[in-house]
Amino acid sequence: MFSRYFSLEAKQDTGRMDQRRNSIISLPHATRSLADGFNRNFPPHVLLSCAAIILDICAIISAALLASVIAGNQINNFQILYEKTIFLMILNTILLLGFSGSYQTQFFFLIHQNLKHLALRVLLSGCAAIGVMILFSQAGAYSIMWLSSWVALSVFLVLGFRILLALFAKLDPQFRMGRRTVIIGGGENGQCLMQIFQRLQDQGLVLIGYADDRNTRHASVVAQIPFLGSTSDIFPLIRNGLVDQIIIALPWSAHARTVNILQKFSEYPVCIRLAPDLINYHLPPQAVSHINGMPLVHLVDRPISGWSQAIKRIEDIVLSALAVLVLAVPMLLIAAAIRLDTPGPILFRQRRVGFNDQKFEVLKFRTMHHHQAEHSIRQQASLNDARITRVGFWLRRLSLDELPQIFNVLRGDMAFVGPRPHAPGTKAAGEPFEDAVSFYAARHRVKPGITGLAQVRGYRGQTETIDKIHRRVESDIEYIENWSLFLDLTIIARTIFTVLRMKNAW
């Protein structure tokens, strides 16, 4: 793959090994050409972004010309009004795509994932330009046919040109568009990193090979990744402009070696990155902050904190207050039905574990005969359960027994949306939930909810298998890590439809 730059030859090493592969630079004469000098002054990444900007401009102008053909005689040779609108859309598109990262190299190598976002941004730019021009001119001066055709064709042509540019970047035989990368370290860290890069597709990163000063390291390294020799063998590659990025993949305990390598490579015009230690591959994506210049790696952040916490609490208060106003009469009718159906209290109180492992009493309409209600679950409710009352059957079937939890939300024990608070002692396949799922307690990092992502996905009811509680908890963790106000409102809307067709609620 990289035979253009490297030729491998066998060397005898009488000290430790019989043979080892070494990379010897094989520079073509073209590296001294004018084109190579041009590339050094104007990096291919910059040229690729400039080409994208130019093609976007050409796409919008070409779309305008084609739209004028479609519109026929409805416009007169591109009036000034139309020219201003075209110019405004070009400006909007470049600014919007620029700020959203659509001109970065990474975007071109992930084009198949970004086409939808690119189309929406171009469409938004066109609509914004039209809206501004109509606001400051007469709406009747425009041709509706031309406007609709122009915006639609602009989206189509921008996507088409961008796909062609992405194909050019990927098929470049010299791999100039990608970040040509060398990994320093052939130990466990380096091997793990190489395996990750091999699994990634179209990430704009070209892994040239790896280097290690310890000769024994390369014997067991990931296949098909060239061994380039020691760290000193990388310097000629950098000097000839064949390496863009160095990743040091040594264990963090090798402090002295890491600092020594950093000092050597910091003299060269390449990006230098430090790969995480092995333990970090099992942790969530990290960020880095600084305290007085000292970097701190973020392993886990508190979820729904700061302004998000305040917004979610306001959401809970507003929704709960509205729910009380709307559901007050139905709740009174349900209370009367429970009282007339069987003797006992209207409400059922049960201790649950909430936010930060704090205990609280959850409120529900009583659905079982009073003398058979369980405050610590020994047996989950099942289909045709004799403990459930006639009114309780329908309350459970429609999830109306959960309505009193609105007052738990107002009191601050619960949220409107969040992981459901499970009853104490509930088991999956005979094991307590906490033992069945190792990360079960992570649900308590936020307030429990009346409804949640697991519920709208249908993960409720009996948990006869470990897999069922796993899927439920995984959905809860997904919700915690991706919370947004829009997600909450979506879950609430889905809850209504989910309840109506629920088949495993009893």
> Short question: side chain of Asp233, backbone of Ser230 - any donor-acceptor pair under 3.5 Å?
Replying inline: yes
>> side chain to side chain contact (heavy atoms under 4.5 Å, CB included), that's the test. Do Arg420 and Met414 meet it? Break it down for me.
In response: CA-CA 9 Å; Arg420 286 290 299 146; Met414 294 178 63; 3.9 Å; yes
> Quick one: OG on Ser320 to CD1 on Ile406, what's the gap to the nearest 0.5 Å?
Replying inline: 6.5 Å
> Ignoring hydrogens and geometry, is there a side-chain-to-backbone donor-acceptor pair from Lys447 to Gly354 under 3.5 Å?
Replying inline: no
> Side chains of Asp476 and Tyr459: is there a donor and an acceptor less than 3.5 Å apart?
Replying inline: no
> Do you see a donor-acceptor pair shorter than 3.5 Å between the side chains of Arg121 and Ser102?
Replying inline: yes
> Hey, are the side chains of Ile70 and Trp146 touching, using non-hydrogen atoms and a 4.5 Å cut-off?
Replying inline: no
> Within the side chain of Ser148, is there an N or O that forms a donor-acceptor pair under 3.5 Å with the backbone of Met145?
Replying inline: yes
>> Between Asp488 (side chain only) and Lys312 (backbone N and O only), is there a donor and an acceptor less than 3.5 Å apart?
In response: no
> So Gln405 and Glu402, side-chain hydrogen bond (donor to acceptor under 3.5 Å, both in side chains) or not? Walk me through it.
Replying inline: CA-CA 6 Å; Gln405 292 168 27; Glu402 313 283 359; 2.4 Å; yes
> Do side-chain atoms of Asp244 reach the backbone of Arg180 as a donor and acceptor pair under 3.5 angstrom?
Replying inline: yes
> Will you find, in the side chains of Asp56 and Thr93, an N or O donor that is under 3.5 Å from an N or O acceptor?
Replying inline: no
>> Classify the ring geometry of Tyr268 against Phe235: parallel below 30°, tilted from 30° to 60°, perpendicular beyond 60°.
In response: parallel
> Counting only N and O atoms by type, is there a donor-acceptor contact under 3.5 Å from the side chain of Arg443 to the main-chain atoms of Gly418?
Replying inline: no
> Sequence neighbours excluded, which residues qualify as ring pair (Phe, Tyr, Trp, His ring centres under 6.0 Å) partners of His470?
Replying inline: none
> Below 4.5 Å, heavy atoms only, C-beta onward: do Ile130 and Val151 meet side chain to side chain?
Replying inline: yes
>> Check whether Ser154 reaches the backbone of Ala63 with its side chain - one donor and one acceptor, N or O, closer than 3.5 Å.
In response: no
> Does Leu262 reach the side chain of Arg257, with side-chain heavy atoms less than 4.5 Å apart?
Replying inline: no
> How far does CG of Asp413 sit from CZ of Phe355, to the nearest 0.5 angstrom?
Replying inline: 12.0 Å
>> So, taking the atom named CZ in Arg457 and the one named CG in Leu453, what distance separates them when rounded to the nearest 0.5 Å?
In response: 4.0 Å
>> Could you check whether any side-chain heavy atom of Ile248 comes within less than 4.5 Å of a side-chain heavy atom of Phe265, counting everything from C-beta outward?
In response: no
> What is the distance from atom CD1 of Ile183 to atom CD of Gln191, rounded to the nearest 0.5 Å?
Replying inline: 10.5 Å
>> With heavy-atom distances below 4.5 Å as the criterion, would you say the side chains of Ile261 and Ile272 are in contact?
In response: no
> Any donor and acceptor pair, going by atom type alone, linking the side chain of Trp483 with main-chain N or O of Glu478 inside 3.5 Å?
Replying inline: no
>> If you define the side chain from C-beta out and look only at heavy atoms, does anything of Val122 sit under 4.5 Å from Ile60?
In response: no
>> Taking the side chain as everything from C-beta on, heavy atoms only, tell me whether Leu115 gets closer than 4.5 Å to Ile163.
In response: yes
>> Run Met194 and Tyr210 through side chain to side chain contact (heavy atoms under 4.5 Å, CB included) and show every step you take.
In response: CA-CA 9 Å; Met194 292 180 220; Tyr210 74 98; 3.5 Å; yes
> From Ile247 CD1 over to Cys271 SG, what is the distance, rounded to the nearest 0.5 angstrom?
Replying inline: 10.0 Å
>> Taking Leu65's backbone N and O only, do any of them form a donor-acceptor pair with Ser68's side chain (distance below 3.5 Å, no angle check)?
In response: yes
> In Å, rounded to the nearest 0.5 Å, how long is the span from CG of Leu95 to OG of Ser125?
Replying inline: 8.5 Å
> With side chains defined as the heavy atoms from C-beta onward, is the minimum distance between Leu207 and Ile225 less than 4.5 Å?
Replying inline: yes
>> Looking at Gly186, is its backbone amide N or carbonyl O close enough to the side chain of Asp212 to form a donor-acceptor pair, meaning the two atoms are under 3.5 Å apart?
In response: yes
